[in-house]
Amino acid sequence: MSEFEATSLRDVLCGALSVADVGRRVSVCGWVARRREHGEHLAFLDLRDRSGILQAVVEGTLEVRNEYVVRVTGTVTPRPEGTRNERLATGAVELTDCEVEVLAAAEPSPLPLDEHAEADEAVRLRYRYLDLRREQMQANLRLRARVNTALRAAMDAQGFVEVETPLLWAPTPEGAREFVVPSRLHEGEFYSLPQSPQIAKQLLMVGGFDRYYQIARCLRDEDLRADRQFEFTQLDLEASFVTQEDVRRFVSRAVLDAAQAATGERPGEIAEMTWAEALDRYGTDKPDLRFEMTLCDLTAAFATTGVRAFQAPCVKALRVPGGAGLSRSRLDQLVERAKALGAKGLAWFRVGPDGLESPLVKLLTPEESAAVADVDGAAPGDLVLAVADAHALACRVLGALRVELGAPPVSAGPHRYVWVVDFPMFEGLDEEGHPVAAHHPFTMPHPDDLERLGSDPLSVRAQSYDLVLNGWELGSGSVRVHRPDVQREVFRSLGISDEEAEYRFGFLLGAFRYGAPPHAGFAFGVDRLVAIFAGVENIREVIAFPKTQSGADLMTGAPKVISERQRRDLHLGAPRPA
RNA sequence: GGACCUGUGGUGCAGCUCGGAGUGCACGCCGCCCUGUCAAGGCGGAGGUCGCGGGUUCAAAUCCCGUCAGGUCCGCCA
């Protein structure tokens, strides 16, 4: 612990004191974590600051309550034989001959702050400033700060320059729903808050900053989840004169440095997998490689089946080790779950010592039964789940069930990183028959597939790549379009007319006419990365002041009604009557 | 927009199926006692719109409907 911690009010941090300091007369500042009074002659006071807890011995009665802010001046003394506390880092010493100065009184805390008690998250969020005093929140946010520092250092070491981009940007039609900000000076017009600095960083490439990065706040007005907040933080980067391999190298360096800073261990090389393999084997484009349970293909075994439920372009199966013990009601739940995910049904087979057990089993030929019983080397006690449908749907449904039935908790580790590469350019069609961009419309199609952009868009591969950690999508990137003709062609294939492209993205297309370098980039979510490092299931645990699932801030009460005057200034109509 | 779970003194829970007086446990809080505790201990005490509204019933924390809040998920998240 460094002496930089000394201030005019304190000499050291509580957690820094040890037998090496015996004899020192020191002042420490912090909160009263606990008191133990033994009548009018002796009391113990546990003082907490961000570094830990220190016991002060007070002769007489205490004039303080829990969470009072106090300054204690005392002498570092070895604890008497037999009274050391092994569970406390400072448990070999205590402060004696103490003066206690109250810096601020405190009402009783509405939520417990000690590490043994759990509080309802709504209460924690309402009193977040108290929740942040808890050891776990202190650790999470300090971990996050170390990650940020490591990321900045890694990018700096690789020659990237940090450039800030606007929060007030122009509305763009594609992609996530945007937060908009009404203009006071331009009646009826709006800024938007950036979903990401995507276009800005591409313009920085045109502007000659050939290696840009930013720890950027991004805002998306979409429904919240355990891993999604309205606003989140990305390490955003872009580089010119590079291939996707170069970009992956830059990102890998940053992520591995962050992992080392966070965990003390440097992970090995990051694995690589094609999008098609991820879908086929794991049923998702963000595979969790911590556990096996890969999907098996039974299409051939059921090619000539007479069972209507298995007459489909594809039959996929998943072995659930030990799953034969699942109750019938749990199996019914899984069937419902599969249907909710879009499957027509879900077949289940308990593998017993005497063969399969299932409502369907008497319909199967011996060959079909044998194929099911052999899925992924199934053994008695296992469960086999099967979905027959189009390939992608069958894979996705079983992939979701694989995670629900098999994924270890976030805190379990280990950390298994994987690059998912060779994404398709588009995934499916929208209601108007236009292809939907799998990544974003600035992604460069694979050069061999360029001429099919108009004729057969769904077959076009993209030069894009995702980074996945333990089943969480950390981020994605791509080689970008840097030619105006190609960009227009991509916009057209997405159903964006030349006129609309000109209005929304004219500044980008214009920029590309003046010598745009080939460039590529990436962005990944810092909140998610830190959450996994911290071993928590929810990114709220690594955000100082997060919002609830309905987008409310329970502490400030946001969102709130604004005054009539503010409304007028912003040219907004009257609020809807209550 | 939809599905499911949760809501009981300041906090965490039990009570809810099968209706019968706000019943219980732990923590915290207040008071008293206690000279080596450390999630101190002992004794005593205060603290409640059972989220809210409606319905059923002689009677509702408990059953029904609606609603609000928190959570997990689907849709959504280029």
Practice task
Select one nucleotide: of B:C29, B:G36, B:G71, the one nearest the side-chain heavy atoms of A:R79.
Solution key: B:G36
Exercise for the section: Indicate whether OP1 or OP2 belonging to B:A40 is found under 4.0 Å from a side-chain N or O atom of A:R36. Expected result: yes
Problem - A:V57 and A:F44, any side-chain heavy atoms less than 4.5 Å apart - result: yes
Problem - Between B:G7 (C1') and A:L125 (CG): distance, integer Å - result: 16 Å
Exercise for the section: Examine the side chains of A:E178 and A:Q195 and answer whether a donor and an acceptor come within less than 3.5 Å of each other. Expected result: yes
Exercise for the section: Using a heavy-atom cut-off of under 4.0 Å over every strand shown, decide if A:R35 touches base, sugar-phosphate, or nothing. Expected result: sugar-phosphate
Exercise for the section: Indicate whether any N or O donor in one side chain lies under 3.5 Å from an N or O acceptor in the other, for A:Q333 and A:R337. Expected result: no
Problem - Euclidean distance for P, B:G71 against B:U35 (whole angstrom) - result: 49 Å
Exercise for the section: Name all pairs fulfilling the salt bridge (charged side-chain N to carboxylate O under 4.0 Å, His left out) condition that reach into residues 520-530 of chain A, sequence neighbours left out, sorted by first residue then second. Expected result: A:R144-A:D527, A:D227-A:R528
Completion exercise
For A:R488 and A:D498 the tightest heavy-atom approach is NH1-O, 4.3 Å
Check nucleotides 11-14 of chain B for protein N or O atoms closer than 3.5 Å to its own N or O atoms and list the pairs.
{"residue": "B:G12", "atom": "OP1", "partner": "A:D120", "partner atom": "N", "Å": "2.7"}

Handout entry: Spacing of the P atoms in B:U6 and B:C65 (rounded, Å)
Key = 15 Å
Problem - Steps toward side chain to side chain contact (heavy atoms under 4.5 Å, CB included) verdict (A:Q244, A:M444) - result: CA-CA 11 Å; A:Q244 57 172 296; A:M444 181 77 94; over 6 Å; no
Exercise for the section: Tell me what A:L554 touches on the nucleic acid: a base, only sugar-phosphate, or nothing, going by heavy atoms under 4.0 Å. Expected result: sugar-phosphate
Exercise for the section: Could you measure between the two P atoms, the one in B:A60 and the one in B:U17, and give it in whole Å? Expected result: 14 Å
Problem - No-hydrogen, no-angle side-chain donor-acceptor test under 3.5 Å, A:Q234 and A:S196 - result: no
Exercise for the section: Please tell me which of A:P441 and A:E94 maps to the more 5' nucleotide of RNA chain B, matching each residue to the nucleotide holding its nearest heavy atom. Expected result: A:E94
Handout entry: d(CG, A:L95; C1', B:C38) in whole Å
Key = 15 Å
Problem - Close side-chain approach of A:L401 to A:L346, heavy-atom, < 4.5 Å - result: yes
Completion exercise
Partner of A:V76 under side chain to side chain contact (heavy atoms under 4.5 Å, CB included), picked from A:T96, A:T90, A:V19, A:V93, is A:V93
Exercise for the section: Test for a donor-acceptor pair under 3.5 Å between the base of B:U37 and the side chain of A:Q55, counting only N and O atoms. Expected result: yes
Handout entry: Any A:L508 side-chain heavy atom under 4.5 Å of A:L203 side chain
Key = yes
Exercise for the section: List in numerical order all residues of residues 544-551 of chain A for which some heavy atom is under 4.0 Å away from an atom belonging to RNA chain B. Expected result: A:T548, A:Q549, A:S550
Exercise for the section: Using whole Å, report how far CG of A:L62 lies from C1' of B:A40. Expected result: 13 Å
Exercise for the section: Report the relative orientation of the aromatic rings in A:H440 and A:F442; use parallel for angles under 30°, tilted for 30 to 60°, perpendicular for over 60°. Expected result: tilted
Practice task
For A:Q198, report the nucleic acid contact type (base, sugar-phosphate, nothing); a contact means any heavy atom under 4.0 Å.
Solution key: base
Practice task
Scan residues 217-232 of chain A against RNA chain B and write down, sorted by residue number, each residue with any heavy atom closer than 4.0 Å; if none is found, say none.
Solution key: A:R220, A:E222, A:D223, A:R225, A:A226, A:R228
Fill in the blank from the handout: With A:R480 as partner, the option from A:E238, A:H519, A:Q487, A:Q202 fulfilling side chain to side chain donor-acceptor pair (under 3.5 Å) is A:E238
Practice task
Using Watson-Crick or G-U wobble geometry with both distances below 3.5 Å, tell me the partner of B:G44, or none.
Solution key: B:C30
Problem - Salt-bridge present (A:R48, A:E135; N to O < 4.0 Å) - result: no
Fill in the blank from the handout: Here the pair of heavy atoms bringing A:A544 nearest to A:R128 is O-NE, 2.8 Å
Handout entry: Spacing of A:L341 atom CG relative to B:C73 atom C1', expressed in whole Å
Key = 9 Å
Practice task
Take the protein atom CG of A:N66 and the nucleotide atom P of B:A39, then report the distance between them rounded to whole Å.
Solution key: 14 Å
Exercise for the section: Identify which nucleotide among B:U35, B:A39, B:C77 has an atom closest to any side-chain atom of A:H38, counting heavy atoms from C-beta outward. Expected result: B:U35
Problem - Nucleotide opposite B:C25 in a Watson-Crick or G-U pair, distances under 3.5 Å - result: B:G12
Exercise for the section: Go through the steps for A:L279 and A:R396 under the test side chain to side chain contact (heavy atoms under 4.5 Å, CB included), then give the verdict. Expected result: CA-CA 7 Å; A:L279 183 66; A:R396 286 185 191 282; 4.0 Å; yes
Fill in the blank from the handout: For B:G66, the nucleotide meeting Watson-Crick or G-U wobble distances (both under 3.5 Å) is B:C52
Practice task
Using the P atoms only, state how far B:A61 lies from B:A21, rounded to an integer number of Å.
Solution key: 9 Å
Pick out the pairs of N or O atoms, protein on one side and nucleotides 41-46 of chain B on the other, that lie under 3.5 Å.
none

Exercise for the section: Within residues 82-91 of chain A, find the residues that approach RNA chain B with a heavy atom at under 4.0 Å, and present them sorted by residue number. Expected result: A:T83, A:R84, A:N85, A:R87
Exercise for the section: Answer with base, sugar-phosphate or nothing: what part of the nucleic acid does A:A43 contact at a heavy-atom distance below 4.0 Å? Expected result: nothing
Exercise for the section: Could you tell me whether the side chains of A:S550 and A:T548 share a donor-acceptor contact shorter than 3.5 Å? Expected result: yes
